[in-house]
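Notes for the one structure printed next.
Predicted model, so just to flag it, every value in this text is computed and none were measured.
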Amino acid sequence: MVWTGTWVSDRLGIELAGDDELRGLLGLALRRNPRRAHLLVSGVLGKHVPQLPSVVHGHGVTLGRRVRALLGPEEAARAVVLGYAETATALGHAVADGLETAPYLHSTRRPVASVPSAGGFEESHSHATSHLLLPEDPAFFDRGGEAGRGPLVLVDDEFSTGNTVLNTLRDLHARHPRDHYVIVALVDMRAAGDAGRLAAFAEETGARVDVVAHARGTVRLPEDVLARGLRLVEEQDGRTADPLVPCAPAVAPVRLELGWPAGLPDGGRHGFTPDHRARLREALPAMAARIVDGLGGPEQAGRVLVLGFEELMYAPLVLARALEEAGLDVRFSTTTRSPVLAVDDPGYAIRTRLAFPAHDDPADGPGERYAYNVAGVGFDTVLAVVDSAADTPALHAPGGLLAQLATAAPRVALAVVPAHTPVPRTPDRQEPPVLPAPLRGPDFSSYEPDDVGWLLQDLSAVRLEAPVEEREEAVQRGGAHYAESLPVEYQPTEEYQELYRDALAGSAARIARAVGTVTELVLAERSPRPVLVSLARAGTPVGVLMRRWARHRHGTELPHYAVSIVRGRGIDANALRWLAAHHDPADVVFVDGWTGKGAITRELADALAGFPDFDPEIAVLADPGSCVRTYGTREDFLIPSACLNSTVSGLISRTVLRDDLVGPHDYHGAKFYRELSGSDVSRDFVVAVEDRFDEVADAVDQQVKEAASADRAPTWEGWAAVERISEEQGIHDVNLVKPGVGETTRVLLRRVPWKILARRGAGADLAHIRLLAEQRGVPVEERDDLPYTCVGLIHPRYTRGATGADGKAVGSA
């Protein structure tokens with residue numbers, strides 16, 4: 001038989017090297033993805049290639065039994081299993097089946113308002129990067145008994161660069177540290193340079209990390225493979241158009257009633273326990289019998305494909321396994337979000353493609369979905385299995401999934417599994433207490449009382465500051481989250497303060513123009529009476545200025561509040577509850593200072609998915625990352641409020657979120673640095689910009705007119721640039737790359753910087769950057785290819801021993 005990676009290998013020079021089993025497990029295809037050219041296509045995963053259900057389930061169970069042998073019976077009984085959405089959800093389930101006693105959870109991209117996130121991480125090369133962890137049981141990751149937390153088993157289909165696993169380990173070790181991690185994959189494809197990073201994590205944390213895989217090898221990629229792969233996809237698109245057109249099924253699909261057990265979760269999105277596993281096994285024979293009867297028996301059913309739905313892989317898989325045991329000729333695969341090129345060639349892994357609109361009202365908006373290798377394979381019946389959240393009009397519409405399946409098989413059937421609605425386990429189910437009114441100056445902050453109300457709790461009496469180097473080491477080792485402490489406030493030298501004053505004098509008109517533009521766009525497009533809600537703290541000076549522009553230009557007094565949002569932990573839900581009780585959520589407009597790579601933009605969108613009455617679109621002063629559509633400018637220039645810390649932000653600290661200080665019914669916290677009032681320039685900054693409002697009014701009107709007819713759709717160019725820089729610099733973590741003047745300033749003031757990349761020829765906008773870099777001993781590297789004015793790189797392997805007692809950053813070598 002021809003290897004299903006031959007077509008790609010011959011054209012792009014991609015090679016698989018390693019164990020003999022690799023070519024039997026993997027083929028190759030081309031992604032429609034600017035981040036990575038190739039896709040390793042598993043023949044035994046049940047995602048892109050229809051396969052015998054016994055083969056798909058058996059590979060996972062075998063891996064689970066190997067993990068059980070590695071851990072031993074006692075440790076296996078204390079373990080928990082975590083799988084990755086969407087591709088490895090069923091594989092993780094099967095590994096948990098092999099372990100027998102372990103509860104299972106898989107990450108998800110479907111937020112649920114009733115379940116707080118227990119963590120999250122980024123899958124940087126993916127088309128949909130953000131993963132949420134939403135266990136119904138808040139103690140899921142703490143299982144282990146008196147001996148402490150048991151081993152955590154992480155399951156993915158392939159272990160390639162290790163970036164996703166490391167992002168997960170860092171996030172979870174900061175929240176739920178433990179002594180033992182086991183990484184499980186069908187194939188371990190790490191290159192030699194990637195393998196050491198997992199060992200480095202183990203050394204840093206003192207945890208044991210094991211890897212279990214069916215086969216090992218590596219992918220050898222030519223240097224220009226990404227550019228050549230994109231060109232090849234374009235060429236193929238020009239030769240073959242997608243042959244399928246929107247259509248309605250000739251015959252309505254047969255709807256089969258499964259008799260799914262009441263209260264049994266549909267899978268591991270919110271947790272799946274050994275008791276759930278036992279209930280499902282007991283119910284499977286009866287459900288399989290109903291399916292066989294509904295299809296008219298094995299002969300009338302013919303050759304059957306059971307097609308799962310994105311993350312919903314395990315329930316369809318075990319149903320297909322039960323049908324196989326009942327004597328049907330059955331294969332299993334699922335639909336997917338992944339856009340992949342289809343080429344009808346025996347040496348290519350994705351032969352055919354069905355495309356259809358998303359039908360489960362996804363949190364990230366509408367988009368195309370796919371079913372591969374379904375058409376042209378000779379199935380007599382396709383049984384689509386979805387959860388009830390996806391049984392929508394879009395599923396049944398012309399051009400929807402069911403209509404497209406009707407073009408690929410003479411008979412289509414539908415089975416719907418009830419979507420599990422979690423009930424969060426909290427010690428107190430009573431109505432939460434009434435939340436306090438917002439804090440205001442002069443009691444909290446140096447702003448005028450009407451300028452902003454802070455939906456925060458005052459932690460001024462608590463000692464929270466730690467040296468920058470100590471915080472950096474704790475965060476990177478996974479022992480703390482950055483929001484659990486505060487950096488010592490940077491006190492600027494007279495030379496630096498002079499740079500700030502010069503920057504403000506030189507840019508006040510430019511800032512005023514951007515403030516006017518973004519405010520007018522909000523008034524015209526979002527709400528005539530918006531409620532401005534700034535993301536503390538960088539968004540607060542911008543919110544104050546927007547409020548003052550509306551008053552100056554229109555005589556309108558806009559409410560303005562500041563709330564906390566924390567990367568990886570979301571927005572303050574209690575602050576949202578207060579806002580919803582006092583204002584129409586439809587009028588709320590979230591405000592921030594600038595976008596870098598867009599991490600907070602994504603964080604807000606994810607956090608608000610559970611609060612559908614609020615609009616997640618942020619309005620920003622500057623959008624150099626091209627992450628939003630409501631902005632004052634997309635220039636990456638110096639916003640002087642980024643030069644300083646609390647002394648230009650009302651003397652308020654960064655926000656704090658720590659379990660011993662912030663309870664379930666508390667706002668996030670912050671400190672009011674009254675003792676720094678002698679250095680405070682917060683009001684001076686606002687007045688300096690406000691004084692330019694009349695001067696820029698005509699320019700603002702022209703910019704708003706141009707913006708109204710322009711294409712302002714986000715392109716996320718900044719995120720792509722950050723991913724490129726992360727890999728090019730050998731950092732492999734987008735969270736350590738901070739693009740733009742504002743974010744680079746933050747790196748130099750609050751983190752341990754490694755080096756600064758600066759666009760060659762950048763002038764006054766970088767004067768303060770160069771001064772701070774000189775003071776901290778940080779190299780500045782001039783570049784011609786930066787989409788930003790500058791990029792700050794946090795030290796990727798920081799320890800205090802690596803920098804010396806003076807705290808200066810080590811060189812980049």
Side-chain angles (χ1 to χ4, degrees), residues 436-465 486-494 496-501 503-505 507-508 511-512 515 532-552 557-565 572 575 591-593 621 639-656 667-693 742 745-746 749-750 768:
L439 301 172
R440 296 185 182 273
D443 297 324
F444 188 83
S445 94
S446 61
Y447 286 122
E448 296 284 351
D450 291 340
D451 271 338
V452 58
W454 302 84
L455 291 169
L456 297 170
Q457 63 166 314
D458 187 355
L459 299 178
S460 300
V462 182
R463 180 170 177 78
L464 294 166
E465 290 76 14
L486 294 172
V488 176
E489 282 281 308
Y490 170 73
Q491 297 303 301
T493 63
E494 179 55 38
Y496 188 84
Q497 291 183 63
E498 186 64 30
L499 280 176
Y500 163 78
R501 290 190 287 268
L504 180 57
S507 63
I511 297 167
V515 166
L532 303 178
V533 178
S534 58
L535 304 180
R537 141 180 97 173
T540 306
V542 179
V544 171
L545 284 165
M546 291 176 67
R547 183 182 183 280
R548 292 197 176 196
W549 175 276
R551 182 176 62 191
H552 180 88
E557 295 285 348
L558 299 183
H560 174 217
Y561 306 97
V563 302
S564 169
I565 187 169
D572 187 337
V591 174
D592 207 358
L621 190 69
I639 301 171
S641 60
C643 290
L644 302 171
N645 284 327
S646 67
T647 53
V648 77
S649 301
L651 297 181
I652 300 302
S653 73
R654 294 193 65 174
T655 58
V656 175
Y667 297 133
H668 295 187
K671 298 184 73 167
F672 176 26
Y673 290 119
R674 297 171 177 83
E675 65 274 18
L676 299 181
S677 58
S679 304
D680 187 30
V681 295
S682 303
R683 294 193 189 185
D684 294 341
F685 170 74
V686 171
V687 170
V689 176
E690 188 177 18
D691 285 346
R692 302 297 187 94
F693 283 173
T745 305
R746 287 176 164 187
L749 292 179
R750 305 175 191 168
H768 76 295

N/O donor-acceptor pair under 3.5 Å between [X] side chain and [Y] backbone:
X	Y	value
Arg692	Ile511	no
Thr540	Leu535	no
Ser682	Ser649	yes
Ser534	Val591	no
Asp572	His668	yes
Arg654	Leu486	no
His560	Leu532	no

Quick test of your reading of the model: are Arg440 and Glu448 salt-bridged, counting only N-O distances below 4.0 Å?
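Here Arg440 does not pair with Glu448 in a salt bridge, since their nearest N and O are not under 4.0 Å apart.
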Can we say Glu494 and Arg501 salt-bridge, meaning some charged N sits less than 4.0 Å from an Asp/Glu carboxylate O?
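So Glu494 pairs with Arg501 through a salt bridge.
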Could you give the distance from [atom1] ([X]) to [atom2] ([Y]), rounded to the nearest 0.5 Å?
X	Y	atom1	atom2	answer
Phe693	Glu690	CZ	CD	5.5 Å
Asp680	Glu675	CG	CD	11.5 Å
Arg547	His552	CZ	NE2	14.5 Å
Leu558	Asp450	CG	CG	12.0 Å
Ser646	Phe672	OG	CZ	9.5 Å
Leu651	Arg537	CG	CZ	10.0 Å

Over all heavy atoms of both residues, which pair between [X] and [Y] is shortest? Give the atoms and the distance, please.
X	Y	answer
Asp443	Arg674	O-NH2, 2.8 Å
Pro436	Tyr667	O-OH, 2.7 Å
Pro541	Ala538	CD-O, 3.5 Å
Val542	Gly593	CG2-CA, 3.7 Å
Leu456	Gly669	CD2-O, 4.5 Å
Thr745	His768	OG1-NE2, 2.8 Å

Geometric class of the Trp454/Tyr447 ring pair [parallel <30°, tilted 30-60°, perpendicular >60°]
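Plane angle under 30°, so parallel.
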Report the C-alpha separation of Tyr673 and Thr647 in whole Å, then their side-chain angles, then the decisive distance to 0.1 Å, and conclude whether the side chain to side chain contact (heavy atoms under 4.5 Å, CB included) test is met.
CA-CA 9 Å; Tyr673 290 119; Thr647 53; over 6 Å; no
Looking at Val648, Val681, Val544, which hits side chain to side chain contact (heavy atoms under 4.5 Å, CB included) with Val686?
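That would be Val544; it is the only one of Val648, Val681, Val544 passing the side chain to side chain contact (heavy atoms under 4.5 Å, CB included) with Val686.
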